[in-house]
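None of the values given here were measured: they were computed from a predicted structure.
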Amino acid sequence: MSFKKDDTLQPGDMVIVSGLRARVKQLMSYFGEEVDPPRELELIEEYRHLIVNNQRLINHTLKTIKQETQMPIRRGVYLTEVKRAGEVLAIDPQLILKKAMKLKSQAPPKI
């Protein structure tokens, strides 16, 4: 299905939103109740585990890294976990990445 600039959503239309669960829940009050996706919908995403060792990332905040990363590269990539010495840390824009931190991300396979 293709859309034109002046198309509008109608009652009963289904909108598929992908992202972090907490953010998606915030949109429910805007779009309406959550429903099961159609059986033919296939959404494939991967979790990737990374260890911080790139000097361009070390000692920078998540906010800075996000601001300096081009949108096409980060679109659809969600940081889901940060660990330091085995301890799970809160994902906060002011979190400073240190060498050997472990990151877990969720992204489509093509990224």
Side-chain angles (χ1 to χ4, degrees):
M1 177 178 236
S2 61
F3 296 97
K4 298 179 186 98
K5 188 168 78 171
D6 58 345
D7 285 343
T8 57
L9 292 173
Q10 302 296 320
D13 285 351
M14 184 180 293
V15 176
I16 298 173
V17 179
S18 175
L20 294 175
R21 185 78 186 136
R23 300 287 292 184
V24 171
K25 279 187 154 187
Q26 292 173 347
L27 294 174
M28 288 174 61
S29 63
Y30 180 76
F31 285 113
E33 68 183 61
E34 183 176 10
V35 297
D36 290 330
R39 289 180 187 249
E40 64 272 9
L41 176 69
E42 184 177 358
L43 179 63
I44 300 171
E45 295 192 322
E46 297 177 343
Y47 283 99
R48 299 190 183 170
H49 299 266
L50 310 157
I51 297 176
V52 177
N53 66 1
N54 186 323
Q55 289 299 322
R56 292 172 35 198
L57 302 177
I58 295 170
N59 294 321
H60 291 276
T61 65
L62 292 177
K63 180 179 179 179
T64 300
I65 294 166
K66 182 178 179 180
Q67 290 172 338
E68 293 177 1
T69 304
Q70 296 176 8
M71 186 58 168
I73 293 172
R74 70 174 203 257
R75 175 169 278 139
V77 178
Y78 302 97
L79 185 61
T80 59
E81 186 177 80
V82 178
K83 286 185 179 181
R84 180 174 51 224
E87 179 185 348
V88 176
L89 305 175
I91 297 173
D92 180 281
Q94 299 308 315
L95 178 68
I96 299 171
L97 293 185
K98 298 293 182 182
K99 187 172 183 164
M101 281 180 143
K102 294 181 180 180
L103 309 177
K104 182 178 176 185
S105 67
Q106 176 183 347
K110 65 180 181 175
I111 293 179

Looking only at heavy atoms, what is the nearest atom pair of [X] and [Y], with distance?
{"X": "Arg56", "Y": "His60", "answer": "O-CD2, 3.2 Å"}
{"X": "Ser105", "Y": "Leu50", "answer": "OG-CD1, 4.3 Å"}
{"X": "Met14", "Y": "Val35", "answer": "CE-CG2, 3.9 Å"}

Separation between [atom1] of [X] and [atom2] of [Y], rounded to the nearest 0.5 Å:
{"X": "Met101", "Y": "Leu95", "atom1": "CE", "atom2": "CG", "result": "5.0 Å"}
{"X": "Leu97", "Y": "Ile65", "atom1": "CG", "atom2": "CD1", "result": "4.0 Å"}
{"X": "Ile51", "Y": "Lys99", "atom1": "CD1", "atom2": "NZ", "result": "11.0 Å"}
{"X": "Leu79", "Y": "Lys66", "atom1": "CG", "atom2": "NZ", "result": "10.5 Å"}
{"X": "Thr61", "Y": "Gln67", "atom1": "OG1", "atom2": "CD", "result": "7.0 Å"}
{"X": "Leu62", "Y": "Leu103", "atom1": "CG", "atom2": "CG", "result": "8.0 Å"}

Determine whether [X] and [Y] fall in the same hydrophobic cluster, where Ile, Leu, Val, Met, Phe, Trp and Tyr are linked whenever their side-chain heavy atoms lie under 4.5 Å apart.
{"X": "Tyr78", "Y": "Val88", "result": "no"}
{"X": "Tyr47", "Y": "Val82", "result": "no"}
{"X": "Met28", "Y": "Val15", "result": "no"}

Checklist entry - What do the steps show when you test Lys98 against Asn59 for side chain to side chain donor-acceptor pair (under 3.5 Å), and what is the final call? => result CA-CA 6 Å; Lys98 298 293 182 182; Asn59 294 321; 2.7 Å; yes
Checklist entry - Should Gln10 and Thr8 count as side-chain neighbours, where that means a heavy-atom distance under 4.5 Å? => result yes
Next on the checklist: Would you say NZ of Lys104 has more than 12 non-hydrogen atoms from neighbouring residues, nucleotides or ligands within 6.0 angstrom?
Outcome noted: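 Correct, the count exceeds 12.
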Next on the checklist: Counting only heavy atoms not in Gln94 (residues, nucleotides, ligands), do more than 12 fall under 6.0 Å from its CD?
Outcome noted: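 For Gln94, atom CD is crowded (more than 12 foreign heavy atoms under 6.0 Å).
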